Amino acid sequence: MGNIENYKILGKDLAISIILTLILLFVLSMVLSLSNVSESIMGMSIIFISSFSVLIGAFLASKKIKEKGIVFGSILGLVYMLILYLVSSILNSNFVLTLSALYMFLGGIIGGAIGGILGVNLK
């Protein structure tokens with residue numbers, strides 16, 4: 001498979017990761033609003049949801065690309081987190097890199113790498 005096709009696959013599965021994130025964040029907001037669950041779980045939940053969504057996207061992409069899962073998965077995770085950070089920063093008018101943002105980037109890259117490895121290696 002050529003490089004252009006690989007990046008098209010990454011783009012499509014990046015979109016799947018973003019859509020999955022939006023769905024899971026909607027579910028989280030419903031759980032928080034309809035139950036007595038503490039909002040203190042919000043930060044870790046968002047990191048988990050983002051990392052999980054990237055893992056799924058990277059898994060799907062690597063399954064199709066069939067090589068270099070850790071590389072393509074990490075790229076998907078990094079691009080996902082860059083998009084998330086930029087959109088969040090624009091909406092909040094705040095381009096500050098915090099420790100929480102670094103955890104998000106790390107979670108996305110690690111989630112992508114794991115998803116990529118699984119996608120290439122699981123039959």
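Computed from a predicted structure; not experimentally measured.
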Taking Leu34 as the starting point, is it possible to reach Val27 by hopping between hydrophobic residues whose side chains are less than 4.5 Å apart? no

Using 0.5 Å steps for rounding, measure from the OH atom of Tyr80 to the OG atom of Ser51. 8.0 Å

Indicate yes or no: at least one non-hydrogen side-chain atom of Phe26 is less than 4.5 angstrom from one of Ser29. yes

More than 12 foreign heavy atoms under 6.0 Å from CG of Leu20: is that the case here? yes

How long is the gap from OH on Tyr7 to CD1 on Ile65, to the nearest 0.5 Å? 8.5 Å

Keeping Lys63 on the side-chain end and Leu122 on the backbone end, is there a donor-acceptor pair under 3.5 Å? yes

Show the nearest heavy-atom pair for residues Leu76 and Ala61, with the distance to one decimal. CD1-CB, 4.4 Å

Please lay out, stage by stage, how Met42 and Leu32 fare under the test side chain to side chain contact (heavy atoms under 4.5 Å, CB included). CA-CA 9 Å; Met42 192 89 143; Leu32 289 174; 3.1 Å; yes

Give the intermediate values and the outcome of side chain to side chain contact (heavy atoms under 4.5 Å, CB included) for residues Ser62 and Leu118. CA-CA 8 Å; Ser62 296; Leu118 294 174; over 6 Å; no

Listed by chain and number, what are the side-chain hydrogen bond (donor to acceptor under 3.5 Å, both in side chains) partners of Ser53, not counting sequence neighbours? Thr21

Quick one, Ser50 with Leu84, criterion side chain to side chain contact (heavy atoms under 4.5 Å, CB included). Give me CA distance, side-chain angles, the key distance, then yes/no. CA-CA 9 Å; Ser50 299; Leu84 183 67; 3.9 Å; yes

Quick one: CG on Asn3 to NZ on Lys8, what's the gap to the nearest 0.5 Å? 12.5 Å

Ignoring hydrogens, what is the shortest heavy-atom contact between Ala113 and Ser74? Give both atom names and the distance. CB-OG, 3.5 Å

Ser45 and Leu28 have their tightest heavy-atom pair at CB-CD2, 3.7 Å

Indicate if Ile49 and Met30 have the same hydrophobic cluster label, given that clusters are the connected sets of ILVMFWY residues with side-chain heavy-atom separations under 4.5 angstrom. no

A side-chain contact here means heavy atoms from C-beta on lying under 4.5 Å apart; do Lys68 and Asn6 qualify? no

Single-linkage hydrophobic cluster, 4.5 Å side-chain cutoff, Leu25 and Ile41 together: yes

On a heavy-atom basis, the closest approach of Gly57 and Asp13 is O-CB, 3.4 Å

More than 12 heavy atoms of other residues, nucleotides or ligands under 6.0 Å from OH of Tyr85: is that the case? yes

Are Ile83 and Leu14 side-chain neighbours, meaning at least one heavy-atom pair lies under 4.5 Å? yes

Can Met81 be reached from Ile19 by stepping across I, L, V, M, F, W or Y side chains whose heavy atoms are under 4.5 Å apart? no

Less than 4.5 Å apart, any side-chain heavy atom of Val120 and any of Phe72? no

Please tabulate, one pair per line, all N/O donor-acceptor pairs under 3.5 Å involving side-chain atoms of residues 101-110, not counting sequence neighbours.
none

Please report the closest heavy-atom contact between Val54 and Gly77, naming both atoms and the distance. CG1-CA, 3.5 Å

